[in-house]
Amino acid sequence: MNILIVEDEELYADQLQMLISRLGHKTCAVVENAEEALIQFDRHSVDLALVDINLKGEMDGLELGKWLRRFSNIPIVFITSHYDNQEYFEKASKV
């Protein structure tokens with residue numbers, strides 16, 4: 001399985017990449033913003049996207065998820081350190 005990681009915190013991105021490798025999957029790209037994620041999505045055969053909701057740049061992770069849905073029906077797992085924010089959960093579940 002090819003997994004795209006979209007995370008702007010390098011430590012978290014590294015941890016996710018190690019976990020993916022241990023589970024026997026491949027990280028096709030690790031990017032820190034939505035714009036780069038769209039470029040890498042076009043370049044690789046992505047089976048799953050792990051997307052941080054809070055990203056630096058013009059577009060947040062939820063908006064990126066909407067764009068990815070326009071091009072593909074791949075599963076998107078949203079990640080965030082704001083686990084107690086109900087608004088994030090509701091918006092993410094709509095994407």
Side-chain angles (χ1 to χ4, degrees):
M1 178 178 289
N2 289 324
I3 300 175
L4 172 65
I5 298 174
V6 187
E7 171 60 68
D8 57 0
E9 295 291 333
E10 187 177 350
L11 178 63
Y12 295 133
D14 289 346
Q15 291 175 341
L16 287 169
Q17 195 169 9
M18 285 188 303
L19 179 61
I20 289 166
S21 178
R22 284 185 195 155
L23 293 172
H25 301 292
K26 178 183 174 204
T27 301
C28 57
V30 179
V31 297
E32 61 181 33
N33 61 60
E35 293 78 10
E36 184 64 25
L38 290 171
I39 292 168
Q40 295 302 319
F41 181 79
D42 281 340
R43 289 183 181 163
H44 298 281
S45 174
V46 178
D47 299 311
L48 172 73
L50 297 177
V51 179
D52 184 9
I53 290 175
N54 296 309
L55 294 172
K56 298 172 189 167
E58 297 288 321
M59 193 183 322
D60 68 12
L62 294 173
E63 188 65 28
L64 171 61
K66 291 176 187 175
W67 275 98
L68 292 176
R69 281 282 179 228
R70 290 179 181 157
F71 302 116
S72 175
N73 198 28
I74 65 162
I76 301 169
V77 177
F78 291 106
I79 52 180
T80 184
S81 60
H82 301 281
Y83 61 90
D84 60 345
N85 190 321
Q86 186 65 27
E87 181 182 352
Y88 283 151
F89 175 77
E90 291 171 8
K91 287 181 179 179
S93 67
K94 291 178 183 177
V95 175

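Treat the numbers as computed from the prediction; the structure is a model and nothing was measured. Hydrogens, waters and symmetry mates are skipped; everything else that's a heavy atom, side chains included, is used.
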- Decide yes or no for Lys66 and Arg69: does some side-chain heavy atom of the first lie under 4.5 Å from some side-chain heavy atom of the second? no
- Minimum side-chain heavy-atom gap Ile79-Asp52 below 4.5 Å: yes
- Query: Under the criterion side-chain contact (heavy atoms from CB on, under 4.5 Å), which of Ile3, Asn2, Asp47 is the partner of Lys26?
  - Reply: Asn2
- Query: When clusters are formed by joining ILVMFWY residues with side-chain heavy atoms under 4.5 Å apart, either directly or through shared neighbours, do Ile5 and Ile39 land in the same one?
  - Reply: no
- Are Phe71 and Leu62 co-members of a hydrophobic cluster defined by side-chain heavy atoms under 4.5 Å apart? yes
- Which of Thr27, Ile20, Leu4, Leu19 passes side-chain contact (heavy atoms from CB on, under 4.5 Å) with Leu50? Answer is Ile20
- Do Glu9 side-chain atoms and Leu11 backbone N/O form a donor-acceptor pair below 3.5 Å? no
- Could you walk me through whether Leu68 and Leu38 pass the side-chain contact (heavy atoms from CB on, under 4.5 Å) test, one step at a time? CA-CA 8 Å; Leu68 292 176; Leu38 290 171; 4.1 Å; yes
- Message: Assess the residue pair Phe41 and Ile74 against the criterion (side-chain contact (heavy atoms from CB on, under 4.5 Å)); give the C-alpha distance rounded to whole Å, side-chain angles, the decisive distance to 0.1 Å, and a yes or no.
- Response: CA-CA 11 Å; Phe41 181 79; Ile74 65 162; 3.7 Å; yes
- Note on the structure: For Leu64 and Leu55, the nearest pair of non-hydrogen atoms, with its separation, is CD2-CD1, 4.5 Å
- Message: Count I, L, V, M, F, W, Y as connected when their side-chain heavy atoms are under 4.5 Å apart, and connections chain through other members. Are Val6 and Leu48 then in the same cluster?
- Response: no
- Task: Say whether Val77 and Val30 are linked into one hydrophobic cluster, either directly or through other cluster members, by side-chain heavy-atom distances under 4.5 angstrom.
- Result: yes
- Identify the two heavy atoms, one from Glu35 and one from Met59, that lie closest to each other, and give their separation to 0.1 Å. OE2-N, 3.7 Å
- Message: Quick check: is Tyr12 connected to Phe78 through a chain of hydrophobic side chains (ILVMFWY, heavy atoms under 4.5 Å apart)?
- Response: no
- Query: Which atom pair, heavy atoms only, marks the closest approach of Glu7 to Ala13?
  - Reply: CG-N, 3.7 Å
- Note on the structure: Glu36 and Val31 have their tightest heavy-atom pair at CG-CG1, 3.2 Å
- In sequence, state the C-alpha distance, the side-chain angles, and the governing distance for Glu10 and Asp14, and then conclude on side-chain contact (heavy atoms from CB on, under 4.5 Å). CA-CA 6 Å; Glu10 187 177 350; Asp14 289 346; 3.9 Å; yes
- Query: Is it true that a side-chain atom of Asp8 and a backbone atom of Lys56 form a donor plus acceptor pair closer than 3.5 Å?
  - Reply: yes
